[in-house]
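Basis for what follows: all heavy atoms, side chains included, without hydrogens, waters or symmetry-related copies.
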Number of protein chains: 2
Amino acid sequence: MDPFDDPRLTAMGLLAEVSTGLAAQLNKTFSAAGLSEVDFETLIRLARSPQHKLRMSDLAGQTSLSTSGITRVVDRLEREGLVQRCPCSTDRRASYASLTEAGVNRLTALMPQHLEDIDTWFTSLLAPEQLATFLETLRTIRDVVRPCATAGVERVEQVTTG
Amino acid sequence: MDPFDDPRLTAMGLLAEVSTGLAAQLNKTFSAAGLSEVDFETLIRLARSPQHKLRMSDLAGQTSLSTSGITRVVDRLEREGLVQRCPCSTDRRASYASLTEAGVNRLTALMPQHLEDIDTWFTSLLAPEQLATFLETLRTIRDVVRPCATAGVERVEQVTTG
DNA sequence: CGTTGATGTTTGCGCGAACAACTTTCTACA
DNA sequence: TGTAGAAAGTTGTTCGCGCAAACATCAACG
């Protein structure tokens, strides 16, 4: 038998295809707004954080970019005026990246199209209950593969499942 | 109200986190075998193709790499002896990339660990029925976002599980 | 209070991938 | 049959990102 024909490979491949294919579709809207996928990811993480700001390393933790990668992304976004660095009052090593008004505006401008894209290529394809089940399954996996995805949001104690 | 707190954003973010987080876990095994994620993706696509070979552009279509990207990947893999180019008998512009025996061996060697990884971080987390439902949903989305994912296969669709 | 090690961020460097231009070959059409 | 245009693949160029080293600051400890 062919050892490369395993249902687990198929399952994994399917997940990868969906993720990259979906990302490719959403990318169109990003680039129409002059943003890369990474740019958008960075901006939206800031937008969804308290006071629209986050420490550089927390940003790195949330985006699966390295800290040096975040430095460069924030450099670019700052040059475009979408983000600004501001010092941390309690730790002079650290700095916050915070959304500027222009950054909020840029996000706000593309958000309707982005949400429509997600609908078109993802959520509207599924019945409400099917979507809920799907998300529940994703959460199950997420909690295992990304125990630290909530860095900078909260201090969460992680329990090993034994 | 915060316009950046939409369930669709959460859903999309969850899917992205799962996909990248899972990929990061699987990557450990790849690099232990001296392969990058892209290398592995390329090799496995070849392994799962008839006669273990595929035209360069079909390879590009299946891997979401550009054709020039595939050229370089195959350059590398050929230098390592895992893949070899051979001309297409009916079209002298085209060339096939085909797995060498060394390539098959390399894949065979890491496959047990890879399958175990998929189990550990993905499939074993879900009940059989839950997994089946999950894959069904993934197929639904895949068929919409990636209509051409089967380029070069031309054959049948995979067997539906259950 | 100075030294040592840890932590947060930035820079030097190299690799890998996309885009566009180019070469070769195929196909269509007159 | 000859020409135009399309298609497959490779190469030049550019740029983004990760790794490791450097730099700045903090925390601990004598």
Side-chain angles (χ1 to χ4, degrees), chain A residues 16 20 23-24 27-28 30-31 34-43 45-46 49 53-80 82-98 148 151-152 155, chain B residues 16 20-21 23-24 27-28 30-31 34-43 45-46 53-80 82-98 148 151-152 154:
Chain A
T20 61
N27 237 324
K28 299 172 186 171
F30 299 154
S31 51
L35 295 175
S36 72
E37 191 177 338
V38 165
D39 292 337
F40 176 80
E41 176 79 1
T42 303
L43 293 178
R45 292 285 181 178
L46 291 177
S49 297
K53 69 181 190 179
L54 224 40
R55 283 182 21 184
M56 299 293 284
S57 39
D58 291 332
L59 207 41
Q62 287 191 20
T63 55
S64 80
L65 252 73
S66 69
T67 61
S68 70
I70 282 295
T71 293
R72 264 87 179 221
V73 171
V74 171
D75 283 348
R76 282 201 305 272
L77 295 176
E78 196 169 27
R79 236 176 283 130
E80 289 187 63
L82 305 178
V83 154
Q84 111 193 44
R85 281 177 169 88
C86 48
C88 174
S89 54
T90 66
D91 187 341
R92 284 191 296 178
R93 293 169 302 178
S95 66
Y96 286 100
S98 88
C148 302
R155 298 304 163 93
Chain B
T20 62
N27 237 322
K28 300 171 186 173
F30 299 155
S31 50
L35 295 174
S36 72
E37 191 176 339
V38 165
D39 293 338
F40 177 80
E41 176 80 2
T42 303
L43 294 178
R45 292 286 181 177
L46 291 177
K53 69 181 190 180
L54 225 39
R55 282 180 21 180
M56 300 292 284
S57 40
D58 291 332
L59 209 40
Q62 288 192 19
T63 56
S64 80
L65 251 73
S66 70
T67 62
S68 70
I70 283 295
T71 293
R72 263 87 181 218
V73 169
V74 171
D75 282 348
R76 282 202 305 273
L77 295 175
E78 196 169 29
R79 236 176 283 133
E80 290 189 61
L82 304 178
V83 153
Q84 113 193 43
R85 281 178 169 87
C86 48
C88 174
S89 55
T90 65
D91 187 341
R92 284 191 296 177
R93 294 170 302 178
S95 64
Y96 287 99
S98 87
C148 302
E154 232 171 330

*If you look at every strand shown and take non-hydrogen atoms under 4.0 Å, does B:T63 touch a base, only sugar-phosphate, or nothing?*
nothing
*Could you pull out all residues at least two apart from A:R85 that satisfy salt bridge (Lys or Arg N to Asp or Glu O under 4.0 Å)?*
A:D75, A:E78
*Hey, does A:S36 reach any base, or is it just sugar-phosphate, or nothing, if we go heavy atoms under 4.0 Å?*
nothing
*Which whole-number value in Å describes the distance from B:R76 CZ to C:dC15 P?*
11 Å
*Residues in ring-ring contact (aromatic ring centres under 6.0 Å, His included) with A:Y96, at least two apart?*
none
*Atom CZ of A:R55 and atom C1' of C:dT7: how far apart are they, to the nearest Å?*
9 Å
Distances for protein N/O vs nucleotides 19-25 of chain C N/O pairs under 3.5 angstrom?
residue, atom, partner, partner atom, Å
C:dC19, N4, B:S68, OG, 3.0

_Applying salt bridge (charged side-chain N to carboxylate O under 4.0 Å, His left out) as the test, list every pair that has at least one member in residues 65-74 of chain B; sequence neighbours left out._
none
*Earlier contact from the 5' end, DNA chain C, for B:V73 and A:I70*: A:I70
*First contact, last contact: which nucleotides of DNA chain D are these for chain A, 5' to 3', heavy-atom distance under 4.0 Å?*
D:dG16 to D:dC26
*Nearest-angstrom distance from the residue atom CG of B:D75 to P of C:dA17*: 12 Å
*Can you name the salt bridge (Lys or Arg N to Asp or Glu O under 4.0 Å) partners of A:R92, sequence neighbours left out?*
none
*Who passes side-chain contact (heavy atoms from CB on, under 4.5 Å) against A:A16, sequence neighbours left out?*
none
*Find the distance B:N27:CG to C:dG16:P and express it as a whole number of Å.*
14 Å
*Between C:dC15 atom P and B:L65 atom CG, what is the distance in whole Å?*
18 Å
*Passes side-chain contact (heavy atoms from CB on, under 4.5 Å), A:L43 versus A:F40? Steps please.*
CA-CA 5 Å; A:L43 293 178; A:F40 176 80; 5.6 Å; no
_Of A:L54, A:L46, A:T42, the residue whose pairing with A:Q62 passes side-chain contact (heavy atoms from CB on, under 4.5 Å)_ = A:L54
*Could I get the full list of side-chain hydrogen bond (donor to acceptor under 3.5 Å, both in side chains) partners for A:E41, not counting sequence neighbours?*
A:R45
*List in chain and number order the residues that pass side-chain contact (heavy atoms from CB on, under 4.5 Å) with A:A60, two or more places apart in sequence or in another chain; answer none if no residue qualifies.*
A:T67, A:I70
